[in-house]
Amino acid sequence: MATVAARTAQRVLASDLAQHTGEQVRIEGWIHAIRKFGAVNFLVVRDRSGMAQVVLEPEDVAPLDGLQVETVVAVYGTVEEEPRASHGVEIRHARVEVISPVTDVLPFELNKKKFKPTLDVFLNNAPVGLRYPTRQATFRLYSDLLFGFRDYLDHRNFVEIHTPTMVGAATEGGANVFQLDYFGRPAYLAQSPQLYKQIMVGVFERVFEIGPAFRAEEHYTVRHLNEYNSLDVEMAFIESFHEVMDLLIELLEHMVQTALERHPHDAELAGMQMPRFGEVPRLKFRDAQRMILERYAEDRSNDLDLSPQDERWIGEWAAEEFKSDFVFVTHYPTSKRAFYTLPDPEDPEHSLSFDLIFQGQELVSGSQRVHRYDQLLQIMEQRGMNPESFAGYLQAFKFGMPPEGGFAIGSERLLMRLVGAENLRETTLFPRDVNRLGP
RNA sequence: GGGCUCGUGGUGUAGUCGGCCUAACACGCCACCCUGUCAAGGUGGAGACCGCCGGUUCGAAUCCGGUCGGGCCCGCCA
């Protein structure tokens with residue numbers, strides 16, 4: 001039986017037990033598995049650091065009668081070395097105290113090697129399903145990727161900003177926005193922080209934002225959701241949009257490196273590895289079409305954009321010819337890009353824009369922006385846009401904006417490719433799609 | 001918005017060109033056995049009327065229509 005002294009002992013995490021061999025400790029966590037033998041019984045307790053094995057005498061199992069796994073418990077006992085235990089130590093002479101009992105049966109098993117529910121069943125039960133070790137690992141790595149994102153940009157004097165998600169005018173002028181009732185006036189959920197981050201470049205030169213973006217498109221694919229977390233970067237005084245692409249590649253490498261270093265065990269669980277960067281090729285849009293014609297015998301010369309199949313081919317080409325999982329496609333037709341994209345002065349039909357394709361899927365979109373006020377007004381007029389709706393945005397340009405450019409990374413897509421998930425919903429905590437508004 | 005496909009106990013599946021299905025298997029759950037498990041093992045047990053509605057038929061999980069829900073492709077994008 002545990003002593004009074006042991007009951008007041010500091011909580012020790014499962015992963016630190018080996019450092020407390022011989023000591024009386026308290027661990028707290030969720031019951032991950034119960035294995036009863038009658039004369040000797042095992043309890044696996046899971047906390048944020050990992051798993052711990054507890055050995056219980058028959059009389060000490062009683063508090064758990066009628067309780068299911070995921071019950072939250074405190075366990076008091078002595079840490080002992082035990083080669084038969086998978087972590088080398090276990091807690092013996094243990095006493096269990098139930099903190100939060102669980103009496104219902106789980107919708108699926110969290111303690112099996114194979115996690116079996118279909119995506120729909122998993123998502124419907126995400127609050128508990130996310131506890132499954134590889135799911136935990138995936139989202140801990142996501143946190144690390146964002147940490148790496150901030151860390152890299154912070155070291156280069158970027159300022160983190162937070163701009164409104166409720167806006168009065170649609171960012172890109174399109175119709176695919178969610179409309180709100182804003183005290184009787186129409187308002188919209190921002191499709192991106194694009195206009196605000198450009199405005200803030202006029203203040204800080206270099207900014208970034210991590211925040212939600214909303215799209216009201218009814219897309220039914222594995223790689224689209226109606227809300228996603230966008231990693232936006234914008235930088236001023238650039239000589240060329242190639243600088244922006246240089247930074248992007250370094251940034252991505254740093255993000256993945258950070259995740260792999262901070263949680264190598266999670267990376268292993270989730271199957272995350274450093275992708276191949278190599279010399280990331282930069283292929284002009286028209287050259288990409290030419291490559292597809294030569295290599296895949298499909299004539300795309302009349303297309304103004306790339307199809308998903310085109311992107312898969314381009315990814316394949318980069319992997320084989322450049323040993324890179326990444327490839328930039330640049331100089332997209334100006335007419336297919338947003339109004340703020342700078343047309344190439346030497347070829348105004350094409351723009352100084354780029355998409356980064358990661359393993360055959362679009363991951364990042366960026367460009368050099370129009371920074372001259374008169375040019376912006378002219379483009380808006382050509383596109384039939386009303387400058388009055390963009391008064392705040394235009395003010396930043398009216399009063400002096402340096403040459404600048406930036407990009408937006410689809411963060412869940414990055415994670416999706418890094419862990420080899422087949423559906424973006426697997427790398428989004430609580431995905432929002434046409435049919436799913438909860439949990 | 002267009003197309004394809006699937007819907008069986010808590011979970012994952014088998015059965016689906018009609019009748020041996022009063023629905024099978026694995027995991028989970030319950031009971032008992034087992035002093036060392038770690039996807040424990042053994043024995044026994046509970047649990048679905050086959051998404052829902054209607055139709056065809058002597059007879060439907062199995063065929064037809066509708067409906068709801070899931071998944072995938074295309075469009076669109078991150």
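Naming: A, B, ... by sequence-line order, numbering from 1 per chain.
Per the stacking criterion (ring centres < 5.5 Å, plane angle < 30°), A/Phe42 stacks onto the base of B/U37. Put simply, A/Tyr228 rests on the base of B/A78: the two rings are less than 5.5 Å apart at their centres and nearly parallel, under 30°.
Pair assignment for B/C58: B/G19, on the basis of Watson-Crick or G-U wobble contacts that are both within less than 3.5 Å. Checking B/G41 for Watson-Crick or G-U wobble geometry (two distances, each under 3.5 Å) identifies B/C33 as its partner. Using Watson-Crick or G-U wobble geometry with both donor-acceptor distances under 3.5 Å, B/G7 finds its partner in B/C68. Base pairing annotation: B/A24 forms a Watson-Crick or G-U wobble pair with B/U13, both donor-acceptor distances under 3.5 Å.
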Side chain to side chain donor-acceptor pair (under 3.5 Å), that's the test. Do A/Arg215 and A/Tyr228 meet it? Break it down for me.
CA-CA 9 Å; A/Arg215 303 284 163 92; A/Tyr228 68 96; 3.1 Å; yes
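Proximity note for A/Arg223 (side chain, C-beta onward) versus B/G75, B/C72, B/C76: the nearest is B/C76. Listed candidates were B/C73, B/U37, B/A78. Nearest to the side chain of A/Arg215 is B/A78. Checking B/U37, B/A78, B/C76 against the side-chain heavy atoms of A/Ser365 singles out B/A78 as nearest. Comparing B/A39, B/G70, B/U37 against the side chain of A/Phe37 picks out B/U37 as the nearest. Comparing B/U35, B/C73, B/C76 by their closest approach to the side chain of A/Arg312 singles out B/C73. Distances were taken from every side-chain heavy atom of A/Pro308 (C-beta onward) to each of B/C29, B/A78, B/C74; the shortest belongs to B/C74. Here the nucleotide nearest the side chain of A/Tyr220, chosen from B/C73, B/C77, B/A39, is B/C73.
For B/G36, the base has a donor-acceptor partner in the side chain of A/Arg92 [N/O atoms by modelled type, under 3.5 angstrom]. At a cut-off of 3.5 angstrom, counting only N and O atoms as typed in the model, there is a donor on one side and an acceptor on the other between the side-chain of A/Glu109 and the base of B/G10. Counting distance only, with no hydrogens placed and no angle test, the side-chain atoms of A/Arg35 and the base atoms of B/C34 include no donor-acceptor pair under 3.5 Å. A donor-acceptor contact under 3.5 Å links the side chain of A/His224 to the base of B/C77. Side-chain atoms of A/Glu90 and base atoms of B/G36 include a donor and an acceptor less than 3.5 Å apart.
Within the 4.0 angstrom heavy-atom criterion, no nucleotide atom of any strand lies near A/Ser411. Base contact: A/Glu311 has a heavy atom under 4.0 Å from a base atom. When heavy atoms are screened at a 4.0 angstrom cut-off, A/Asn435 is found touching the sugar-phosphate backbone but no base atom. A/Glu218 comes within 4.0 angstrom of a nucleotide base, judged by non-hydrogen atoms across all strands. The residue A/Arg417 sits apart from the nucleic acid: no heavy atom pair falls under 4.0 Å. Within 4.0 Å of A/Asp355, counting heavy atoms only, lies no atom of the nucleic acid at all. Base contact: A/Ala85 has a heavy atom under 4.0 Å from a base atom. Across all strands shown, A/Lys114 has no heavy atoms under 4.0 Å from either base or sugar-phosphate atoms. Here A/Asn423 lies in heavy-atom contact (under 4.0 Å) with sugar-phosphate atoms only. Note on A/Ser230: nothing from the nucleic acid sits closer than 4.0 angstrom, heavy atoms only. Among the atoms of the strands shown, none is found under 4.0 Å from any heavy atom of A/Arg46. Within the 4.0 angstrom heavy-atom criterion, base atoms lie near A/Leu225. Across all strands shown, A/Glu412 has no heavy atoms under 4.0 Å from either base or sugar-phosphate atoms.
Donor-acceptor pairing under 3.5 Å is recorded for the side chains of A/Ser230 and A/Asp232.
Put simply, CG on A/Asn226 is 14 Å from P on B/A78, counting in whole angstrom units. The separation between A/Leu110 atom CG and B/C27 atom P is 18 Å, rounded to whole Å. Between the P atom of B/U11 and the CG atom of A/Asp104 lies a distance of 14 Å, rounded to the nearest Å. The separation between A/Leu119 atom CG and B/G71 atom C1' is 9 Å, rounded to whole Å. With rounding to whole Å, A/Arg432 atom CZ is found 18 Å from B/A78 atom C1'. Taking atom CZ of residue A/Arg337 and atom C1' of nucleotide B/C76, one finds them 13 Å apart after rounding to whole Å. Between the C1' atom of B/C77 and the CE atom of A/Met416 lies a distance of 13 Å, rounded to the nearest Å.
On the P atoms, B/U57 is 23 Å away from B/C52, given to the nearest whole Å. Atom P of B/G47 sits at a distance of 11 Å from the matching atom of B/A23, rounded to the whole Å. B/G28 and B/G41 have their P atoms separated by 7 Å, with the value rounded to a whole Å. Spacing between B/G7 and B/U16 at atom C1', rounded to whole Å, works out to 12 Å. As rounded to the nearest Å, B/A61 and B/C77 have P atoms that lie 48 Å from one another. Spacing between B/C6 and B/U56 at atom P, rounded to whole Å, works out to 25 Å. Of the C1' atoms belonging to B/C76 and B/U8, the separation is 37 Å, rounded to the nearest Å. Between B/G71 and B/G12, the distance separating the two P atoms is 13 Å to the nearest Å.
In this structure, A/Lys36 does not reach the B/U37 phosphate: none of its side-chain N or O atoms is under 4.0 Å from OP1 or OP2. Close to B/A40, at under 4.0 Å from its OP1 or OP2, lies no side-chain N or O of A/Lys113. Distances shorter than 4.0 Å separate none of the side-chain N or O atoms of A/Gln191 from OP1 or OP2 on B/C76.
The environment of CD in A/Glu250 is crowded: more than 12 heavy-atom neighbours from other residues, nucleotides or ligands sit within 6.0 Å. No more than 12 heavy atoms of other residues, nucleotides or ligands lie within 6.0 Å of CD in A/Glu279, so this atom counts as exposed by the packing criterion. Within a 6.0 Å sphere centred on CD of A/Glu349, other residues, nucleotides and ligands contribute 12 heavy atoms or fewer.
Although no hydrogens or angles enter the test, the distance criterion places a donor-acceptor pair under 3.5 Å between the side chain of A/Gln289 and the main chain of A/Arg300.
The 5' end of RNA chain B is approached more closely, in terms of each residue's nearest nucleotide, by A/Lys116 than by the other of A/Thr221 and A/Lys116. Nearer the 5' end of RNA chain B, as judged by each residue's closest nucleotide, is the contact made by A/Pro117, out of A/Pro117 and A/Lys112.
Remark: A/Arg156 qualifies as a cation-pi partner of A/Tyr152 under the 6.0 Å distance and 45° angle criteria applied to the six-membered ring. A cation-pi arrangement is not found for A/Arg135 relative to A/Phe115, the charged atom failing to lie both closer than 6.0 Å to the ring centre and inside a 45° cone about the ring normal.
When each of A/Val329, A/Val280, A/Leu283 is paired with A/Ile357, the side-chain contact (heavy atoms from CB on, under 4.5 Å) condition holds for A/Val329 and for no other.
When all heavy atoms of A/His219 and A/Asn226 are compared, the pair lying nearest together is CE1-OD1, 3.6 Å.
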